[in-house]
There are 2 protein chains.
Amino acid sequence: MLTERQLLILQVIIDDFIRSGQPVGSRTLSKKHEIALSSATIRNEMADLEELGYIEKTHVSSGRVPSEKGYRYYVDHLLSPQRLTKEDIQKIKSIFAERIYELEKVVQKSAQILSDLTNYTSIALGPAVKENKLKRIQIIPLNQQTAVAIIVTDTGHVENHVITVPASVNPSDLEKMVNILNERLIGVPLIDLKDKIYKEVADVLRKHIHNYDSMLKTIVETLDIPQEEKMFFAGKTNMLNQPEFSDIQKIRPLMKMIEQEKDFYRLLRKHNRKGIQVTIGRENQLSGMENCSLITATYSIGDEQLGTIAILGPTRMEYSRAITILNRVASDLSTVLTKWYQNS
Amino acid sequence: MLTERQLLILQVIIDDFIRSGQPVGSRTLSKKHEIALSSATIRNEMADLEELGYIEKTHVSSGRVPSEKGYRYYVDHLLSPQRLTKEDIQKIKSIFAERIYELEKVVQKSAQILSDLTNYTSIALGPAVKENKLKRIQIIPLNQQTAVAIIVTDTGHVENHVITVPASVNPSDLEKMVNILNERLIGVPLIDLKDKIYKEVADVLRKHIHNYDSMLKTIVETLDIPQEEKMFFAGKTNMLNQPEFSDIQKIRPLMKMIEQEKDFYRLLRKHNRKGIQVTIGRENQLSGMENCSLITATYSIGDEQLGTIAILGPTRMEYSRAITILNRVASDLSTVLTKWYQNS
DNA sequence: TGTTAGCACTCAAATACACCGAGTGCTAAA
DNA sequence: TTTAGCACTCGGTGTATTTGAGTGCTAACA
């Protein structure tokens, strides 16, 4: 167990390192007015902190830098709460000022403001489309062989793709089918559509539609909806501004990962616990992210959790500020989404 | 006017520099078997080429590197034609192997293959949606105040957004309006929609629709279609692999530009002349692109030009290979689009 | 017993210096 | 016109040397 004094020293070391990026020495600390000790005393305490694994040296006679364990302790117990400036609060509010009707745009804007305010990279995982309920199916013929299938959900989300229509299918049958599908399927969550079709609608269709069999493919194609949530990035290149990544070798794998996006999709999917979560350095278990930390929060409509928004920065990150901002954005976002979309 | 020998030397210098990235000295050149001259003779020729502005020294006793003028001459007159390997041709063909129904996806895939084959960044400017012709307008009410407006074009492109519906508008009127709009506007290019509405459809609407005035806003919102062509990037981080950008300072502005995309939108818009166009270094007139070259080509359906695809690389770029590949992709793309979409 | 002053020690970073080698331009001879 | 030869330049590399910020340890002090 750490003493009060060790906690104070650990906190000041990490605060200073986060600010300066330079290893912190005992003399630097002794000059701080919150610590009234000689450098020698501090050296003794630092030696203990190092033995316990909270801080490290970069070489034998260097100052100390926080270890991952140190950051972990800092984030869990030592964060000095930050107040946002009026301007920051104002900026956050401004994105919700005008009523935006596309849910995904609001989420995207939230990611944008996060990266603007923090100068880190921000990622938002959108709501799962597959949970949405069907509002309308529409099939619009383009020519002999092709048509556009459009699916509208209760949240106003539109999915569309071009499908092939067998030559044997005539337009009036197509229309009849769409009508039946609409009658029977409105209100069904997208993910359950196929199931429902086979169990309940197939019989009806077979009875009423001429060549049901040749149409089957069209139906399946129509309901083929991407299962993945959309993801929005903002400030993808902000990592280039971090001095720890001034070496291009270090940043290349990270930028590649950010460009490809898919690793982050998996990562964020896992981060669906309510509240702020911080993963530090190798806790992320992704090579390329050894020197990064990820802070995540979830947002919701009412009690229903919709998605995750996150801030990605270097391990030497302004945790306090980032957490405060993320918290604020996530809660404002949830509030406004609840107001706009609940039971609408 | 350059002599045959100067041309040969210039070409070999640039070829070598593109390959190695190192300044090329007279002794290196004299050892090449296509040049049977002593280093001293070559030095004299190089001095002349430098005076004429085709090559430069990095410091007083360094070898020579091509100047922008040198690259320009090289691209215009000295390119040694390259043959693509069978694998390359195969890869290009593979993207067009299966019939893809979404036009934009084909374009996006083309950009992807370009960056895969060249290891440079690739950009594709999609076809202008506004030129497409209207196939169907659809308005689907979500709740009391909002509805989804969907516009389908003859190419199968779908535009959608959520609109507000005044409380005074009743559903049957909405439906009637949509019917009238569809009757009168199908086949009209999207860009002309508004014009046509005011000139020809407004009167009809006023006659048949109850509260035409309060509905006006809804109509305008519905037809509010983004005018900009979509743009697709591939290999956004490939520039990080180029040794000339190993200094993070040099690449930061460029990556920022690539992230933001809009500068490239303007740039590609201007590059709509048929055939291959190469702009070298500062010819691009964009700060951040001093050390980059852009190669563009257009693609088309039949005689109608649709858009531009481009390769962005360092000025020290494999022009010959890049041009050959781009040419091939652009022409294959045009061929296949023509086959698939002309008069469909 | 906890704190501190003092001291020897370490190591990264900066500075200085010599030297190598790849390059140049110029001159004079072939 | 070409080439051999030579003096010169300059970036890069290797080796000392110095500097300074840091450490750990010890002994004296309150």
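Given the structure is predicted, the values throughout are model-derived calculations rather than measurements. A note on names: the letters A, B, ... follow the listed sequences, proteins ahead of strands, and every chain is numbered from 1. No hydrogens, no waters, no symmetry mates; every other heavy atom, side chains included, goes into these values.
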Scan nucleotides 24-30 of chain D nucleotide by nucleotide, 5' to 3', and note B when protein non-hydrogen atoms come under 4.0 Å of the base, S if they reach only the sugar-phosphate, - if neither. B------
If you assign each of B/Thr58 and B/Glu45 to its closest nucleotide in DNA chain D, which residue comes earlier from the 5' end? B/Glu45
Under a 3.5 Å threshold, yes or no: a donor from one side chain and an acceptor from the other, between B/Ser39 and B/Arg27? no
What is the separation between atom [atom1] on [X] and atom [atom2] on [N], rounded to the nearest whole Å?
| X | N | atom1 | atom2 | value |
| --- | --- | --- | --- | --- |
| B/Gln6 | D/dT2 | CD | P | 11 Å |
| A/Glu56 | D/dG22 | CD | P | 18 Å |
| A/Asp48 | C/dT3 | CG | P | 12 Å |
| B/His59 | D/dG11 | NE2 | P | 5 Å |
| B/Lys31 | C/dA22 | NZ | C1' | 10 Å |
| A/Ile42 | C/dA5 | CD1 | C1' | 14 Å |
| A/Arg5 | C/dT1 | CZ | P | 15 Å |

Does [X] pair with [Y] as a salt bridge, N-O distance under 4.0 Å?
| X | Y | result |
| --- | --- | --- |
| B/Glu50 | B/Arg43 | no |
| B/Arg19 | B/Glu318 | no |
| A/Asp16 | A/Lys32 | yes |

Indicate whether OP1 or OP2 belonging to [N] is found under 4.0 Å from a side-chain N or O atom of [X].
| X | N | result |
| --- | --- | --- |
| B/Ser61 | C/dA22 | no |
| B/Ser38 | D/dT3 | yes |
| A/Ser26 | D/dT23 | yes |

With a non-hydrogen cut-off below 4.0 angstrom, is A/Ser62 in contact with a base, only sugar-phosphate, or nothing? sugar-phosphate
Describe the nucleic acid contact of B/Ser39 in one word from base, sugar-phosphate, nothing, applying a heavy-atom distance below 4.0 Å. nothing
Assess the pair B/Tyr54 and B/Tyr74: is the distance between their ring centroids shorter than 6.0 Å? no
Run the side-chain contact (heavy atoms from CB on, under 4.5 Å) test on A/Ile123 and A/Phe232 for me, step by step, so that the C-alpha distance in whole Å, both residues' side-chain angles and the decisive distance to 0.1 Å come before the verdict. CA-CA 6 Å; A/Ile123 315 165; A/Phe232 305 98; over 6 Å; no
Across all chains, not counting sequence neighbours, the salt bridge (charged side-chain N to carboxylate O under 4.0 Å, His left out) partners of B/Lys270 are none
